[in-house]
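Notes follow the structure.
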2 protein chains.
Amino acid sequence: MSPRIGLDLQIILQAATQIADTEGIEAVTLASLAKKLKIRPPSLYNHVDGLHGLRKKLAIYGLEQLYNRLVQEAIGRSGDDAVRVLGKEYVAFARSHPGLYEATLLAPDPRDPEVQQAGSKIVDLAVRLMNAYGLEDEAAIHAVRGLRSILHGFASLEQRGGFGIPLDLDVSLSLLIDTFISGIDSMKQNGKLH
Amino acid sequence: MSPRIGLDLQIILQAATQIADTEGIEAVTLASLAKKLKIRPPSLYNHVDGLHGLRKKLAIYGLEQLYNRLVQEAIGRSGDDAVRVLGKEYVAFARSHPGLYEATLLAPDPRDPEVQQAGSKIVDLAVRLMNAYGLEDEAAIHAVRGLRSILHGFASLEQRGGFGIPLDLDVSLSLLIDTFISGIDSMKQNGKLH
DNA sequence: ATTATAAAACTAATGATGTTAGTTTTTGTT
DNA sequence: AACAAAAACTAACATCATTAGTTTTATAAT
């Protein structure tokens, strides 16, 4: 059932990740990837459905990596502590893998079922954390959307040099997360979340 | 001083915006733009420094448009009201100009002085709003970074189909902004912001 | 061991794109 | 009417994604 074993998909994605992280996601082309793997560009079509297929697989790969790192930090924690750690790790991932992180949001069709599924694992993790605040169902979803917006927005702006002023970014992030947590608290007490 | 008047830069950017908003920023190529303007691709080099130059100018153009819309809404308002309206308008802009909004964060070099300057007008506007909360200097900057993260993150995720679950997005946004406002309030009273 | 097979990698070719160089056209100014 | 400068052009090239068809090669079956 396997008359010839050539390149492994994992190796391809690792090579693509390396290019993305060092030269930016735009530098990930079939040509550059083939060169790095020492094969000819058309050969990549045996493993990946063109550039679009590569982007999609890279997006899923990135989401899985991100999920793994988040889970590592989340286990054994709950409440404020868990949210703080999750937030820091999310941003840390984007910092350590700038290109791969970009790729997670650059899939040709973000609504693709496989991409959605990879993303939903992260969402589910966040939902469980929110449950610790007594947020259930719709309230939990709104809260998770908020947290994701915060973390993605921060990571994305930081990556794109959006924060021009030289003021400690880690402080900004910590304050932002704490502000969010405080806000959730207030909103709950005011009955705006339940 | 002007032996021949050809295309106007404004017209070029408007055409590019149209392509970006209808077909996505990736569809904005010198070829497609030239076709829309009924000229040959090399002619664009008389107005724009290649594809990179176009992207940069489009980014600045988008930031200016965004700023104009935000100012319109911010005038005559302050405090919670101003922040809520600003947030809604920010997201509304991204929705009405998905491609142009993308372009604002896709400049070849985000640290380019001209791009930074266009962005800093928006930041300054937000800083002034934050001053109404009694947040000055560093505290104001942290708060603005937070608000930008929230709004960009939300707009970006929404655009990329990141919110898969069918639950009213406007509600999520309103709750998020209110959560942020509440959080700022609590943090101030706890002395973590000053 | 030999052979068949299926996957992987290849060569060759095509179309689209960005870009440069050099030429022609156009139009406001002198 | 002549000039000059900007705009638009043609021609050409390099790079890239992609398709079609061929060759190689390692495994599986004989």
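So you know, we letter chains A, B, ... as the sequences are listed, proteins then strands, and number each from 1. Note that this is a predicted model, so its numbers are computed, not measured.
Taking 4.0 angstrom as the limit, A/His47 places a side-chain polar atom (N or O) nearer than this to OP1 or OP2 of C/dA9. A close approach under 4.0 Å does not occur between any side-chain nitrogen or oxygen of B/Ser43 and OP1 or OP2 of D/dA7.
Among D/dT18, C/dA8, D/dC9, the nucleotide with an atom closest to any side-chain atom of A/Pro41 is D/dT18. Nearest to the side-chain atoms of B/Leu51 among the listed nucleotides C/dT19, D/dC9, D/dC16 stands C/dT19. Here the side chain of B/Leu30 is nearest to one of D/dC9, C/dG18, D/dT18, namely C/dG18.
Rounded to an integer number of Å, the gap from A/Lys35 NZ to C/dC10 C1' is 18 Å.
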Task: Where protein sits on nucleotides 20-25 of chain C, one letter per nucleotide: B base, S sugar-phosphate only, - none, heavy atoms under 4.0 Å - done: B----B
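Both B/Ile5 and B/His52 lie close to DNA chain C; mapped to their nearest nucleotides by heavy-atom distance, the more 5′-ward contact belongs to B/His52.
Judged by atom type and distance alone, B/Asn46 does not reach the base of D/dA6 through any side-chain donor-acceptor pair under 3.5 Å.
Checking side-chain atoms of A/Gln159 against main-chain N and O of A/Pro98 turns up a donor-acceptor pair under 3.5 Å.
Contact annotation: the side chain of B/Phe180 approaches that of A/Leu176 to within less than 4.5 Å [non-hydrogen atoms, C-beta and beyond].
Classified by interplanar angle (parallel below 30°, tilted 30° to 60°, perpendicular above 60°), the ring pair B/Tyr90/B/Tyr101 is perpendicular.
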